[in-house]
Asks: 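Before anything else, here's the structure in question.
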Amino acid sequence: MAGRKLALKTIDWVSFVEIIPRNQKTIANSLKSWNETLHTRLANLPEKPPAIDWAYYKTRVAKAGLVDDFEKKYNALKIPVPEDKYTALVDNEEREDVKNCAAFLSESQDRIQEYEKQLEKIKNIIPFDQMTIDDLNEVFPETKLDKKKYPYWPHQPIEDL
Amino acid sequence: MLSRVVLSAAAAAAAPSLKNAAALGPGVLQATRVFHTGQPRLAPVPPLPEYGGKVRLGLIPEEFFQFLYPKTGVTGPYVLGTGLSLYFLSKEIYVITPETFSTISVVGLMVYVIKKYGASIGEFLDKLNEEKIAQLEEVKQASIKQIQDAIDMEKAHQALVQKRHYLFDVQRNNIALALEVTYRDRLYRAYKEVKNRLDYHISVQNMLRRKEEEHMMDWVEKHVVWSISAQQEKETINKCIADLKLLAKKAQAQSVM
């Protein structure tokens with residue numbers, strides 16, 4: 001019946017709010033409110049119930065043996081610590097999430113690499129006043145005039161000029 | 001510039017045809033000349049010079065004067081020009097025809113116009129070019145910014161991923177709190193129930209005890225009253241009245257004093 005020190009991790013609520021996507025905001029709020037409710041309930045309950053004064057009862061209660069009987073049974077009563085079936089589920093979820101996050105991270109890194117390559121390419125083009133039309137078509141392929149589709153000058157529909 | 005044209009045409013196998021055309025062209029000498037076999041220069045085209053070559057008299061490039069300067073000094077080219085033109089005129093190698101006058105007027109007019117308005121026309125055209133280049137620059141800057149933003153967003157997402165464990169921490173905390181709350185709740189309930197039972201026993205006893213006492217008192221009173229006979233009652237009442245009179249006299253005496 002001894003109270004145990006609760007191992008609660010400190011939560012940074014700001015970060016918690018940051019990582020929740022928009023469509024799950026209600027669930028996150030309910031989690032938060034549950035947390036607060038439980039905290040208040042915990043604060044209201046004392047850690048150990050007060051001890052029963054057996055000597056007092058022994059002198060007062062006329063029926064002999066009743067108090068002794070109660071005392072023996074009460075001391076023998078062991079309320080089991082409620083078993084924790086749910087932390088395992090949360091841990092499983094967290095493991096999967098860690099895997100997903102690792103996959104996301106690696107993809108993200110690849111994406112960053114690609115972006116950086118593109119950035120380098122764009123930064124290193126020759127200045128525009130030294131370019132020819134061929135160079136321009138290399139850097140911006142959309143400026144290339146389709147000479148097969150429009151064989152006659154200006155090689156593009158007149159509306160696009 | 002021509003070399004680049006040849007370069008792009010080279011892939012289309014136009015170069016051999018060019019050489020073949022040269023072979024069919026006039027003269028054997030030209031057949032043996034091969035065009036544009038120098039190393040193709042892939043570097044970007046060097047920037048165009050800002051100003052055209054310097055000319056004197058609007059027609060004759062400065063290089064000619066520089067070329068003659070070491071031998072003939074400053075006046076050399078002018079003397080050469082004067083002498084040559086006088087020679088051509090006097091010997092009628094160059095015949096003065098109506099063409100001459102039209103040539104003089106056209107060339108004079110062209111030189112005049114170019115000298116006067118050349119610069120401003122050049123600026124205007126440069127401005128047009130600048131606008132096009134500025135537009136292209138904008139596009140380039142916009143792409144750079146876009147890619148930069150994408151990179152920053154990816155980095156921010158990576159940072160957020162680090163914080164993802166808070167979600168699970170909250171859940172675990174909640175579970176632990178709920179378990180502890182139920183445990184304490186149950187302890188407290190057990191205590192309360194036992195205490196209730198004991199208190200109940202005690203209060204039952206107390207109540208019984210009180211009831212017995214009251215009953216006994218009632219019984220004793222009843223018997224006492226019952227035992228007082230009528231005679232005794234009259235005697236007690238007389239005594240009470242006498243006592244009362246005495247008390248009244250005492251009280252009166254006291255109040256007088």
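Sequence lines set the chain letters: A, B, ... in the order given, protein chains first and strands last, and positions in each chain run from 1. All heavy atoms count here, side chains included; hydrogens, waters and symmetry mates do not.
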Asks: What part of A/Phe70 gets within 4.5 angstrom of chain B, counting heavy atoms only: side chain, backbone, both, or neither?
Replies: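 Just its side chain gets close to chain B.
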Asks: Do you know which two heavy atoms are closest between A/Asn35 and B/Leu177, and how far apart they sit?
Replies: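 That would be OD1-CD1, 3.7 Å.
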Asks: Please name the pair of heavy atoms, one in A/Ser15 and one in B/Lys163, separated by the smallest distance, quoted to 0.1 Å.
Replies: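 Residues A/Ser15 and B/Lys163, closest heavy atoms: CB-CD, 3.4 Å.
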Asks: Once rounded to the nearest 0.5 Å, what's the spacing between atom CD of B/Glu180 and atom CG of A/Leu42?
Replies: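 Going from CD on B/Glu180 over to CG on A/Leu42, the span is 6.0 Å.
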Asks: So what's closer than 4.5 Å to chain B heavy atoms on A/Leu136: side chain, backbone, both or neither?
Replies: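 For A/Leu136, the contact with chain B is made by the side chain alone.
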Asks: Within a reach of under 6.0 Å around NE2 of B/His215, are more than 12 heavy atoms found that belong to other residues, nucleotides or ligands?
Replies: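 Incorrect, the count does not exceed 12.
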Asks: Does a sphere of radius 6.0 Å around CD in B/Glu213 hold more than 12 heavy atoms from other residues, nucleotides or ligands, not counting ones at 6.0 Å or beyond?
Replies: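 Result for CD/B/Glu213: enclosed.
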Asks: Considering all heavy atoms of both residues, which atom of A/Leu38 and which atom of B/Asn174 are nearest to each other, and what is their separation?
Replies: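 So the minimum-distance heavy-atom pair works out to CD1-O, 3.5 Å.
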Asks: What's the spacing between B/Arg184 CZ and A/Asn44 CG if we round to 0.5 Å?
Replies: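 B/Arg184 atom CZ to A/Asn44 atom CG measures 11.0 Å (nearest 0.5 Å).
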Asks: Which atoms of A/Pro50 come close to chain B, meaning under 4.5 Å heavy atom to heavy atom: side chain ones, backbone ones, both, or neither?
Replies: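 Both the backbone and the side chain of A/Pro50 come within 4.5 Å of chain B.
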Asks: Say you draw a straight line from OH of A/Tyr115 to NZ of B/Lys155; how long is it, rounded to the nearest 0.5 Å?
Replies: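 It is 12.5 Å, given to the nearest 0.5 Å.
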Asks: Tell me, out of B/Asn129, B/Ile202, B/Asn206, B/Thr182, who's got the most heavy-atom pairs with chain A below 4.5 Å.
Replies: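 If we count pairs closer than 4.5 Å to chain A, B/Ile202 comes out on top.
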Asks: Name the member of A/Thr87, A/Leu89, A/Val139 that forms the most heavy-atom pairs with chain B at distances under 4.5 Å.
Replies: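 Maximum pair count with chain B is reached by A/Thr87.
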Asks: B/Leu136 versus chain A, heavy atoms under 4.5 Å apart: side chain, backbone, both or neither?
Replies: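 Both backbone and side chain.
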Asks: Please rank A/Trp13, A/Tyr57, A/Tyr86 by heavy-atom pairs under 4.5 Å with chain B and give me the top one.
Replies: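 Sorted descending by pairs with chain B, the first entry is A/Tyr57.
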Asks: Between A/Gln109 and B/Gln158, is there a side-chain donor-acceptor contact under 3.5 Å, judged purely by atom types and distance?
Replies: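 Checked: B/Gln158/A/Gln109 side chains pair up, N/O donor to acceptor below 3.5 Å.
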Asks: Above 12 or not: heavy atoms from other molecules or residues under 6.0 Å from CZ of A/Arg111?
Replies: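 Yes, the 6.0 Å shell around CZ holds more than 12 heavy atoms from other groups.
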Asks: Checking B/Val204 against chain A: side chain, backbone, both or neither under 4.5 Å from a heavy atom?
Replies: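 Nothing of B/Val204, per the 4.5 Å heavy-atom cut-off to chain A.
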Asks: With a 6.0 Å cut-off (strictly less than), is the heavy-atom count around NZ of A/Lys121, excluding the residue itself, greater than 12?
Replies: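 No, NZ of A/Lys121 has 12 or fewer neighbouring heavy atoms, counting only those of other groups under 6.0 Å.
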Asks: Counting only heavy atoms closer than 4.5 Å, note whether A/Glu83 contacts chain B via side chain, backbone, both or neither.
Replies: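 Only the backbone of A/Glu83 comes within 4.5 Å of chain B.
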Asks: What option among B/Leu160, B/Val170, B/Asp185, B/Val161 has the most heavy-atom pairs under 4.5 Å with chain A?
Replies: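 Winner by heavy-atom pair count: B/Val170.
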Asks: Tell me, do A/Lys48 and B/Leu187 make a side-chain contact under 4.5 Å, heavy atoms counted?
Replies: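 No - every pair of side-chain heavy atoms lies 4.5 Å or more apart.
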Asks: Which of these, A/Asp97, A/Val90, A/Leu31, sits in a side-chain contact (heavy atoms from CB on, under 4.5 Å) with B/Leu167?
Replies: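 Running side-chain contact (heavy atoms from CB on, under 4.5 Å) over A/Asp97, A/Val90, A/Leu31 with B/Leu167 returns exactly one hit, A/Leu31.
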Asks: With heavy-atom distances below 4.5 Å as the criterion, would you say the side chains of B/Leu198 and A/Trp54 are in contact?
Replies: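 With C-beta onward as the side chain, the pair touches.
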Asks: Do B/Arg172 and A/Asp91 touch side chain to side chain, with heavy atoms closer than 4.5 Å?
Replies: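 SC-SC contact between B/Arg172 and A/Asp91 confirmed.
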Asks: Atom CE in B/Met153, atom CD1 in A/Ile112: separation rounded to 0.5 Å?
Replies: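 Atom-to-atom, B/Met153:CE and A/Ile112:CD1 are 10.5 Å apart.
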Asks: Measure the CD1-CD1 distance between B/Ile147 and A/Ile122 for me, rounded to the nearest 0.5 Å.
Replies: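 Here the rounded value is 4.5 Å.
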Asks: Under 6.0 Å from the CZ atom of B/Phe67, do we count more than 12 heavy atoms belonging to anything else shown?
Replies: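 It does not: B/Phe67 CZ has 12 such atoms or fewer within range.
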Asks: Quick one: closest heavy-atom pair of B/Arg164 and A/Cys101, and the distance?
Replies: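 Heavy atoms only, the tightest pair is CD-SG, 3.4 Å.
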Asks: Counting C-beta onward and ignoring hydrogens, is there a side-chain heavy-atom pair between A/Trp34 and B/Gln171 closer than 4.5 Å?
Replies: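 Of all side-chain heavy-atom pairs linking B/Gln171 with A/Trp34, none is under 4.5 Å.
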Asks: Checking heavy atoms, do the side chain of B/Glu137, its backbone, both or neither come under 4.5 Å from chain A?
Replies: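 Both parts, heavy atoms under 4.5 Å.
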Asks: With rounding to the nearest 0.5 Å, note down the distance linking NZ in A/Lys85 to CD1 in B/Ile175.
Replies: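 The distance works out to 12.0 Å.
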Asks: Does NZ belonging to A/Lys58 count more than 12 external heavy atoms closer than 6.0 Å?
Replies: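 Buried by this count: over 12 neighbours within 6.0 Å.
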Asks: Taking side chain as C-beta onward, heavy atoms only, is A/Val67 less than 4.5 Å from B/His201?
Replies: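 Not touching, per the 4.5 Å side-chain cut-off.
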Asks: Can you tell which part of B/Glu154 gets under 4.5 Å to a heavy atom of chain A, answering side chain, backbone, both or neither?
Replies: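 Both parts, heavy atoms under 4.5 Å.
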Asks: Are more than 12 heavy atoms, taken from residues, nucleotides or ligands other than B/Leu109, located less than 6.0 Å from that residue's CG atom?
Replies: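 Count over threshold, so yes.
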Asks: Counting only heavy atoms not in A/Ile158 (residues, nucleotides, ligands), do more than 12 fall under 6.0 Å from its CD1?
Replies: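 12 or below, so no.
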